[in-house]
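What follows is a short report on a single structure.
Below, each value reflects all heavy atoms present in this structure, side chains not excepted, and no hydrogens, waters or symmetry copies. A note on names: the letters A, B, ... follow the listed sequences, proteins ahead of strands, and every chain is numbered from 1.
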Amino acid sequence: VKSNKAPYCIPMPPPNVTGSLHMGHALTMTLQDILSRFERMQGRDVLWQPGTDHAGIATQLVVERLLEKEGSSRHKLGRENFLKRVWEWKEQSGNTITSQLRRLGATPDWERERFTMDPDLNKGVNKVFVQLYNEKLIYKDKRLVNWDPKMHTAVSDLEVEQVEIKGNMWHFKYPIKGMADTFITIATTRPETMLGDTAVAVHPEDERYKKLIGKMVVLPITGREIPIIADDYADPEKGSGAVKITPAHDFNDFEVGKRHKLPMLSILDKDAKIAAAEGAQIPEAYIGLDRFVARKQVVAEIEALGLLDKIEPQVHAVPHDEKSKSVVLEPFLTDQWYCDAVTLAKPAIEAVETGKTQFIPKTWEKTYFEWMRNIQPWCISRQLWWGHQIPAWYDDNGKVFVAETEEEAQKLAGAGVKLTRDPDVLDTWFSSALWPFSTLGWPEKTEEVKRYYPAETLITGFDIIFFWVARMMMMGIHFMKDVPFKKVYIHALVRDEKGQKMSKTKGNVVDPLDVIDQYGADALRFTMAALAAQGRDVKWSNSRAEGYRNFATKLWNASRFCEMNGCALKIDFKPQGNKHTLNRWIVSELAATSVKVSDALKAFRYNDAASALYQFTWGTFCDWYIEFTKPLINGSDAAVKQETQDTTGWVLDQILLLLNPFMPYLTEELHAHLLGKEKAGKEDWLQTKMWPVFDKAVIDSKAQEEVNWVVKLISEIRSVRSDMNVPAAAQIKMQLKGLNATNQQRLNTYLDIIKRLARLSEVEASENAAPKGSIQTVIDEANIILPLADVVDIAQERERLKKEIDKANANIERINKMLLNQAFLAKAPEEVVQEQTEARTEAENLKAKLSQALKQLEAA
RNA sequence: GGGCGCUUAGCUCAGUUGGUAGAGCAUCUCGUUUACACCGAGAGGGUCGGGAGUUCGAGUCUCUCAGCGCCCACCA
């Protein structure tokens, strides 16, 4: 704790221990690292809190597969040994991801690394559970859950993926008791569930069935009698208008069943095989059949009974487990622990409404609200072994005692009462929900809790807004009486170049480690920043990465240039002391860039920050400044030479500083180099330096104007030369006609530079008429005349001038359309009118000069 | 069914209060200059998905149509 600095906390979304670095990590961690480094350079006491998540199901699956290969299983091992095995695996392989993060250059506070199943974090989990239980915000309930018949566990609604499957709609005729040859037809996509039907529902207003309400149906196969009930749920428009009700195997039917107090017959076991349910009267032949086998069996028997009305092929959505994909989940009636999310969500919604927590971009708040306002009870128990075992104990009568430890539970139950612990574990997201404070040592009253809660910023992907962000909000507010973070920056997901989600099955996965091998970690990071515009997705592009690798090389070469030309870094260099315009200019441009970059980062506009740095470094510094100053460095004016060398070295170092959050490896290396050291000591590290803030005095707008004119002149000459196919090697003459005093002065000052960069042999400012066979162009008030009598192609020059004149004409016309419009003059702001008027004058001036040049050409 | 978003140069994308459309890559031309060919100089290329509206003025605001994508819910 560096107590003299303002704290800045950013909790790292803990990657799964099972994971290895993928592009999504590379993106999110890069963005977090850039921000962490940036804030550190602002002098903040930054805590970027790292750690890993135990990832219940995922990890258990990994180890179970391992066991399977060994011919063993978790059941053979038993719970205790199995857990031992998982821990062993975690010790060996669990830090793969964190070491990969180091390769990426991520700099969280590694010494504070936490794991969601660390002892102190477990303590927090138990405390939260017990308190919520005592507040009646956690309770046990028998409801339908999505059941995974392979893993034998409840699965979160959020982890259910609806997959479109080609199936059938079977229409069955159910006979009505006491009415010979009268049937009521129902339709179903899951015939086997009919064994558990406990009613048939029709709409109360449905004329077709009104008279049947209250009658009994004799359920085929089982012979059970079930009532025909009236319920709004039955939609007369759908199917036959009559619907079978299977409360224990369908979420809607469950609600209907509750309304009508229907029996709930659970006819499947944990493996989703048909099981004998009390009172269900399922024939012996069905018991133990797999659900899909039973389906065929039921259909066959119904058909044999002559009760099959028809079969229609139909595509319908079937719930699958998001992770394993292959497993069809089953609505299953079980006892589970629930958390009263409805209650907890209220203040969490309010916190975002009042702006205590802000989403960036703001549009994600809608997503958050949408879910939070319709939130369902959160099923927090899982029938797994790997995770936080629920701190609840039962006596022989099934009475439950919830306490943080077994001793306390025993106290509650009374001495001598034999207690058995609830075997279930908590949903992984339960412990992740506590991450912003559990990692700081809560429930202990630590310095860190006081200092770093709430966090300033959370950076994460939109895919876990519900899973994680929302839950942290609920738990944070409930237990800490304050939001867990003030800002949530939601970034997109990384997709491939075609916008497809990366997946192993599609084979379009880009491995960030391969990218690092190929282009370097710095290039990967810079690319991520450059691609991270606040849109929906980040499409990975190898060509972009290649471009930024080139950028790194460019910077490296610039540094080499500095070294070769005596441009060293002087620690006490003061840019405001510069005298030469070029040096004053580059410092001004640098200052402007620095502001752009920090403004962009403060607004999470990483791409803007990246492009400002790219442009300044490559365009302004390398392409112009270094080229401009070569003559100065090789020149005879010792004072100017020294100042230029010092400025060059210093600006390069400032670039390294600004670029350090993005490209930490290269910039540190070059910085050390600039200091003349093989390897820099800690005290020299850029990441410990302050972000440059420039005095306004350093910005010299006159210098900027002046140099911009020179740039424009050179560009103009180069463009014409190229257009007219003047050989690059040819040194030609130039005459400037009509030059005003200011620019004449500038011309003299930069004569050498202009000659060098525009490949000119002689330059003169004179009012003489353009010699025959010249090519001409215009810069502001002056004509640029390049006499090339022997080389120039008159016809080509004529074409070129005409084209330029056309352009000027079009421009004038466009502006006239505005300026001759009374409504525009009346309603547009004065400054816009002014602007356009000036633009017109300029364009007319240009046109006049070009036309004159054309006339001269024709005359010659 | 409800919600969100996207459609801008050949490709991938920027474009923050409405005021003459930008970048990288790709393409084409030319390369003198010992920091750099992972380079330098120059050029071409867009009626901003279609239509309507608001406005003096729309890539930018509103409506509408079309195509694409995502999320949630449902599917007897």
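At the phosphate of B:C30, neither OP1 nor OP2 sits under 4.0 Å from any side-chain N or O atom of A:Asn725. A:Tyr233 has a side-chain polar atom (N or O) that falls below the 4.0 Å cut-off from OP1 or OP2 of B:C75. Between B:A43 and A:Ser719, a contact under 4.0 Å exists linking OP1 or OP2 to a side-chain N or O.
Within 4.0 Å (heavy atoms only), A:Glu546 reaches no atom of the nucleic acid at all. Looking at heavy-atom distances under 4.0 Å, A:Phe621 makes no contact with the nucleic acid at all. Within the nucleic acid shown, A:Cys562 has no heavy atom closer than 4.0 Å to any nucleic acid atom. At a threshold of 4.0 angstrom between heavy atoms, the contacts of A:Lys554 include nucleobase atoms, whether or not backbone atoms are also involved. Using a 4.0 Å heavy-atom cutoff across all strands shown, A:Asp623 reaches sugar-phosphate atoms only and no base atom. Nucleic acid contact class of A:Arg759 (heavy atoms, under 4.0 Å, all strands): base. Using a 4.0 Å heavy-atom cutoff across all strands shown, A:Ala234 reaches at least one base atom of the nucleic acid. Heavy atoms of A:Arg549 sit under 4.0 angstrom from at least one base atom. At the heavy-atom level, A:Trp618 lies under 4.0 Å from the strands shown only through sugar-phosphate atoms. Within 4.0 Å of A:Ser240, counting heavy atoms only, lies no atom of the nucleic acid at all. Nucleic acid contact class of A:Asn565 (heavy atoms, under 4.0 Å, all strands): none. As judged by a 4.0 angstrom heavy-atom cut-off over every strand, A:Gln822 is placed among residues making no nucleic acid contact.
With both ends at atom P, the span from B:G57 to B:U12 equals 35 Å, rounded to whole Å. Here, B:U20 and B:C48 have their C1' atoms 14 Å apart, quoted to the whole Å.
A:Phe551 and A:Tyr614 have tilted rings, their planes meeting at an angle from 30° to 60° on a 0 to 90° scale.
Across B:G5, B:G24, B:C74, the shortest atom-to-atom separation from the side chain of A:Thr363 is found for B:G5. Closest contact between the side chain of A:Arg560 and the listed nucleotides B:G19, B:C36, B:G42 involves B:C36.
Atom CH2 of A:Trp556 is surrounded by 12 or fewer heavy atoms from other residues, nucleotides or ligands within 6.0 Å.
The pair A:Arg190-A:Glu192 meets the salt-bridge criterion, with a side-chain N (NZ, NE, NH1 or NH2) lying under 4.0 Å from an Asp/Glu carboxylate O.
With A:Asn565 contributing its side chain and A:Cys567 its backbone, the two residues share no donor-acceptor pair below 3.5 Å. For A:Ser722 (side chain) and A:Arg718 (main-chain N/O), no donor-acceptor pair under 3.5 Å exists by modelled atom type.
Pairing analysis of RNA chain B (Watson-Crick: purine N1 to pyrimidine N3 plus N6-O4 or O6-N4; G-U wobble: N1-O2 and O6-N3; both under 3.5 Å) yields stems of 3 or more pairs at B:1-7 with B:66-72, B:10-13 with B:22-25, B:27-31 with B:39-43, B:49-53 with B:61-65.
For A:Thr553 and B:C38, a side-chain-to-base donor-acceptor distance below 3.5 Å is present, hydrogens and geometry of angles not being considered. Within 3.5 Å, no donor on the side chain of A:Lys366 pairs with an acceptor on the base of B:C4, nor the reverse.
Closest-nucleotide positions on RNA chain B for A:Ser611 and A:Gln731 were compared, and the one nearer the 5' end corresponds to A:Ser611.
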